[in-house]
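What follows is a single structure, written as structure tokens, with notes after it.
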Number of protein chains: 2
Amino acid sequence: MVSIRDVAKAAGVSTATVARVLNGGAPVSPDRTNRVLRAVEELDYVSNGVAASLSRGRTGLLGLLVSDIANPFTAQVARGLEDEAVRHGYQVLIASSDFDSEREAQVLSSFARRTVDAVALLSSSGVGEGVARLIRNGLPTVFVDRRPPDLGEIPLVRTDSLGAAREAVRYLIDLGHTDLGMISGPSGMPTAAQRLAGFREACESAGLVVRPECVREGFLGTQGGYTAMCEVLDLDRRPTAVFSFNNVLAIGALQAVRERAVRIPADLSLVTFDDTDLFPFVDPPITAIEQPAYDIGAQAGRLLFDRLDGGETGDVDIVLPTEFHIRGSCGRPGR
Amino acid sequence: MVSIRDVAKAAGVSTATVARVLNGGAPVSPDRTNRVLRAVEELDYVSNGVAASLSRGRTGLLGLLVSDIANPFTAQVARGLEDEAVRHGYQVLIASSDFDSEREAQVLSSFARRTVDAVALLSSSGVGEGVARLIRNGLPTVFVDRRPPDLGEIPLVRTDSLGAAREAVRYLIDLGHTDLGMISGPSGMPTAAQRLAGFREACESAGLVVRPECVREGFLGTQGGYTAMCEVLDLDRRPTAVFSFNNVLAIGALQAVRERAVRIPADLSLVTFDDTDLFPFVDPPITAIEQPAYDIGAQAGRLLFDRLDGGETGDVDIVLPTEFHIRGSCGRPGR
DNA sequence: CTGAAAGCGCTTACAG
DNA sequence: CTGAAAGCGCTTACAG
């Protein structure tokens, strides 16, 4: 590997001068500038980013931890964050845990080791020491979507899961449904708890009783949605409408529905949290709650840069609005 | 920030001993081990990963450059690569260019600065100096899906774009179509050229003439697919079948189709490269060519670790098989 | 405008 | 089993 010293030697200058030419900012005489540039060219020199990060005390990297890289919501959040990062001369590094808590711990530990300057946590399980350590070590951190309890003054960017869920379920109730089910997310997950609470609130305030067997907890991934929906559909008495925790579970649910030749919306109405590009084209088009994912990511980025620029963010809780897209997957019950 | 020296001081040992305790491998007396561990605990010490990388000469990171983080193909490749990486004690860092060549250059330059130990390039535009520099600098590199010409002995993991495209188009021809169109990818992209070539070969070997105006180049992203399909549908004489470069373009194409109330497959047959979870549920279910994305990623990872472990990979070109899923989006023409 | 030198925070032969 | 010290490859006050 050719280092800055090789370049300095070849150009007949000090390493300081080479650094100045390459990083700009400091004035260097035209003559030396040229010599350095020529040496860089000749030796095909590329500076070592790790060494630069160490001496600068910053990496220019934003870490984004996601649990599911395949979720379209994740991709849009990443885009929003990236655009904001690029604006500040940063790059974002996406690390995926793929729902594996051990991998998540590894990523968090790597972030805590200062391999990035700030961290955005998207739907991290928040379990364990990892996140707490990150924060204790003073790394600017922002939660996206959800935040574990008892973690102190860490900003959060999210939507109103509870309210949006309640609204969607009320829509089903207004359609005439009295026996509803839910494909819920893992109970440890705050958003899962919130969406379930919204579901329950809507039912209760309409005087409906939710049968416990109609609420199924699906582990994340389409497979979980499939299994949960199978359980619901195999009930002696099926609910007439189902609310799904998110888009990925909904896709799995659709597989179960098709397998059993259940008709949507004639036999079953379906609503889900989180929209996707293809939901409008599904047979029938899926009614869904859309979160402003791109804006969420951008907003998270802004909070991080506020902190990096020395500002205080404190215990911010930014709630962005959702949009409810009524399409064709819901109808009146018992038609 | 608490450093290894603080820990050493608190434990009354040398920094070397602290490092040995924390990194394992070297034997340390139980007494000192305990003192170090206690000091680490007390000071809440986390080692600086950047410094460790610099002195070790490796980062333990695999870089994955993608152009479209929202493409499901990308997500699956990432999963395959990650699983392989984790198996070797590595983490993978995903950097997205979002089709922006300037961002791509930045990412490549950051990788070239040795912030990662090896690099997988997924559908990079391959334009410009970035990739060449990476390789000249000796960073183990592997191309996924496609590889720019004239780059020497760099391994590639892909599927047979040309053959799979030809097979799919032949299927349309066998259905009776004689006037076909294509939503193609950017012409500079090798896979775009290959899929287009497959399309042309199938048509020519059936004695069909491809009208130039029926082949539209869509820039990537759903928007590009939408625009291209609009152009095709607004032709005085429409083709009766269209082959799409990939899933993302196909989604945009579906929007155009719906907007114009064109019926699939009655008015138009549609086939696309790249499958998604939801294609089976679209109205009608979309006939698609599936690539073994996960395996592609895993294979790419294996090649990288072969190199990192000192092996030679040379000019490998690994071709994995595709699967053609015939569903409901194709029919006989002019029904 | 320039260079010598200290320093970033680790790791790792080396000598004991 | 242990520590002093060199070294990884940069950056950046400091003095001129």
Side-chain angles (χ1 to χ4, degrees), chain A residues 1-37 39-40 43-61 89 109-110 112-117 137-139, chain B residues 1-37 39-40 43-61 89 109-110 112-117 137-139:
Chain A
M1 274 298 80
V2 14
S3 79
I4 196 172
R5 298 190 46 186
D6 302 316
V7 176
K9 209 168 298 169
V13 301
S14 71
T15 60
T17 296
V18 176
R20 285 180 191 123
V21 170
L22 261 24
N23 299 328
V28 179
S29 74
D31 169 49
R32 279 165 201 265
T33 301
N34 283 332
R35 265 150 57 201
V36 168
L37 258 21
V40 166
L43 300 175
D44 203 17
Y45 169 68
V46 178
S47 78
N48 182 312
V50 174
S53 292
L54 179 59
S55 55
R56 282 209 185 106
R58 39 156 269 163
T59 61
L61 262 28
S109 142
S110 147
R113 285 161 189 268
R114 310 254 147 205
T115 54
V116 296
D117 295 340
N137 277 266
L139 256 195
Chain B
M1 274 297 81
V2 14
S3 80
I4 196 172
R5 299 190 45 185
D6 301 316
V7 176
K9 210 167 298 170
V13 301
S14 70
T15 60
T17 297
V18 176
R20 286 180 190 123
V21 170
L22 261 24
N23 299 329
V28 179
S29 75
D31 169 49
R32 279 165 200 264
T33 300
N34 284 331
R35 266 153 52 202
V36 167
L37 258 20
V40 165
L43 300 175
D44 201 19
Y45 169 68
V46 178
S47 77
N48 181 312
V50 174
S53 292
L54 179 61
S55 56
R56 282 210 184 105
R58 38 156 270 161
T59 61
L61 262 26
S109 143
S110 148
R113 285 161 190 268
R114 309 254 149 206
T115 54
V116 296
D117 295 341
N137 277 266
L139 257 194

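Reminder, nothing fancy here: chain letters follow the sequence lines and each chain counts from 1.
Atom CE of A:Met1 is separated from atom P of D:dC10 by 10 Å (rounded to the nearest Å). Summarising the geometry, the separation between CZ on A:Arg56 and P on D:dC10 is reported as 11 Å, rounded to the nearest angstrom. For A:Ile4 and D:dG9, the CD1 to P distance is 11 Å, given to the nearest whole Å. Between B:Leu22 atom CG and C:dC10 atom P the separation is 9 Å, expressed in whole Å. Distance B:Lys9 NZ to C:dG9 P: 12 Å, rounded to the nearest Å. Here C:dC10 presents its P atom at 11 Å from CZ of A:Arg114, a figure rounded to the nearest Å. Separating the CG atom of B:Leu54 from the P atom of D:dC10 is a distance of 9 Å, rounded to the nearest angstrom. Rounded to whole angstrom, the span from the CG atom of A:Asp117 across to the P atom of C:dC8 amounts to 18 Å.
Taking the side-chain contact (heavy atoms from CB on, under 4.5 Å) definition, one finds that B:Ser109 meets it with B:Arg113, sequence neighbours left out. Residues that satisfy the side-chain contact (heavy atoms from CB on, under 4.5 Å) test with A:Ala52, not counting sequence neighbours, are A:Arg56. With sequence neighbours excluded, no residue satisfies side chain to side chain donor-acceptor pair (under 3.5 Å) with A:Asn48. Under the rule for a side-chain contact (heavy atoms from CB on, under 4.5 Å), the partners of B:Thr59 that lie at least two apart in sequence or sit in another chain are A:Val50, B:Ser53, B:Leu61, B:Asp117.
One C1' atom belongs to D:dG16, the other to D:dT12, and the distance between them is 16 Å to the nearest Å.
Using a 4.5 Å cut-off on side-chain heavy atoms (C-beta onward), A:Val46 and B:Arg114 make no contact.
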Got a list of protein N/O to nucleotides 4-6 of chain D N/O distances below 3.5 Å?
none

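A sub-4.0 Å separation between OP1 or OP2 of C:dC10 and a side-chain N or O of B:Tyr45 is present. Distances shown here put every side-chain N or O of A:Ser55 at or beyond 4.0 Å from the OP1 or OP2 atom of C:dG7. An OP1 or OP2 oxygen of C:dC8 is reached within less than 4.0 angstrom by no side-chain nitrogen or oxygen of B:Asn48.
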Give every donor-acceptor pair under 3.5 Å between a side-chain atom in residues 3-13 of chain A and any protein atom, sequence neighbours left out.
| residue | atom | partner | partner atom | Å |
| --- | --- | --- | --- | --- |
| A:Ser3 | OG | A:Arg5 | N | 3.2 |
| A:Asp6 | OD2 | A:Ser3 | N | 2.7 |

Just distance, no hydrogens or angles: give the donor-acceptor pairs under 3.5 Å from side chains in residues 14-27 of chain A, sequence neighbours left out.
| residue | atom | partner | partner atom | Å |
| --- | --- | --- | --- | --- |
| A:Ser14 | OG | A:Ala16 | N | 3.4 |
| A:Ser14 | OG | A:Thr17 | N | 3.2 |
| A:Ser14 | OG | A:Thr17 | OG1 | 3.3 |
| A:Asn23 | ND2 | A:Ala19 | O | 3.2 |

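Against DNA chain D, the stretch residues 26-36 of chain B makes heavy-atom approaches under 4.0 Å through B:Pro27, B:Val28, B:Ser29, B:Arg32.
One finds the CG atom of B:Leu37 at 13.0 Å from the OH atom of B:Tyr45 (value rounded to the nearest 0.5 Å).
For residues 24-34 of chain A, the pairs satisfying side-chain hydrogen bond (donor to acceptor under 3.5 Å, both in side chains) are A:Asp31-A:Arg35, with sequence neighbours left out.
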Taking Watson-Crick (N1-N3 plus N6-O4 or O6-N4) and G-U wobble (N1-O2, O6-N3), each under 3.5 Å, can you produce the dot-bracket string of DNA chain D? Use [ ] for crossing pairs and | for inter-strand ones. |||.||||||||.|||
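Looking at B:Thr115, its side chain never comes within 3.5 Å of a backbone N or O of A:Gly49 through a donor-acceptor pair.
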